[in-house]
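Below is one structure; the comments refer to it alone.
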Amino acid sequence: MPEKTYSISDLASEFGVTTRTIRFYEEKGLVTPRREGQKRLYNQADRVRIKLILRGKRIGMTLDECVEVIDMYDPEHNNAEQLHSLIARVQDKRARFEQQRRDIDEMLKGLDEVQALCESALAEAGAAN
DNA sequence: GTTCTTACA
DNA sequence: TGTAAGCA
């Protein structure tokens, strides 16, 4: 039987993105839906690809990284390469995010200090007047 | 009503 | 990516 297809709005609503987003991904070469005249027709593979791209984006991967990983798909050989590559990226992301968290904690600490200084200065001013 | 392209923010 | 214009 013929493969199920989807319109751009079908996928947009399913994944909670706008049609603009999907067309944008196409411009970037992340997906290449077949055309029926002018209309884009997405097949199951296109659908999965978009789903994977959005998943990658959620974990901090750039669109380019998503494509790199997705295009490594190689079921003929376990996908070992792709999986190892993905694991490496995940570890890298984790390290970066943890560093960012430390940086933010430091800034928060700095804010606490400044705020405390300001408040004590106000308290003294109030006591003097 | 839905999708498309193009262009600007 | 959002938004808008002008088509089909």
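Quick caveat, the model's predicted, so the values are computed rather than measured. Within every chain, numbering begins at 1; the chains are lettered A, B, ... in the order of the sequence lines, protein sequences first and strands thereafter.
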Point to revise | Atom-pair distance (CD on A/Q38; C1' on C/dA8), nearest Å | key: 8 Å
Review point. Hey, is CZ on A/R101 packed in by over 12 heavy atoms from elsewhere, all under 6.0 Å?
Key: no
Point to revise | Contact residues, residues 8-29 of chain A to DNA chain C [heavy atom, < 4.0 Å] | key: A/T18, A/R20, A/T21, A/F24, A/Y25
Practice item. Both distances under 3.5 Å, Watson-Crick or G-U wobble: on that basis, could you give the dot-bracket string for DNA chain B, with [ ] for crossing pairs and | for other-strand partners? Key: .|.||||||
Check your understanding: Reckon A/R40 has a side-chain N or O less than 4.0 Å from the OP1 or OP2 of B/dT2?
Key -> no
**Study point:** Stepwise salt bridge (charged side-chain N to carboxylate O under 4.0 Å, His left out) test for A/R96 and A/D92
**Key:** CA-CA 6 Å; A/R96 290 173 188 287; A/D92 180 69; 2.8 Å; yes
Review point. Tell me: CD1 of A/I50 to C1' of C/dT1, nearest whole Å?
Key: 15 Å
Review point. Should the heavy atoms of other residues, nucleotides or ligands under 6.0 Å from CD of A/Q99 be counted, would the total exceed 12?
Key: yes
Point to revise | A/R40/A/E26 salt bridge by N-O under 4.0 Å criterion | key: yes
**Study point:** A/L63 or A/K39, whichever maps to the more 5' nucleotide of DNA chain C
**Key:** A/L63
Check your understanding: Any sub-3.5 Å donor-acceptor pair from A/N43's side-chain atoms to A/A45's backbone N or O?
Key -> yes
Exercise for review: Hey, could you give me the CD/CG distance between A/Q115 and A/L117, rounded to the nearest 0.5 Å?
Suggested key: 11.0 Å
**Study point:** Salt bridge A/K93-A/E65, side-chain N to carboxylate O under 4.0 Å
**Key:** yes
Exercise for review: Step through the shown structure and confirm whether more than 12 heavy atoms of other residues, nucleotides or ligands are within 6.0 Å of CD on A/E81.
Suggested key: no
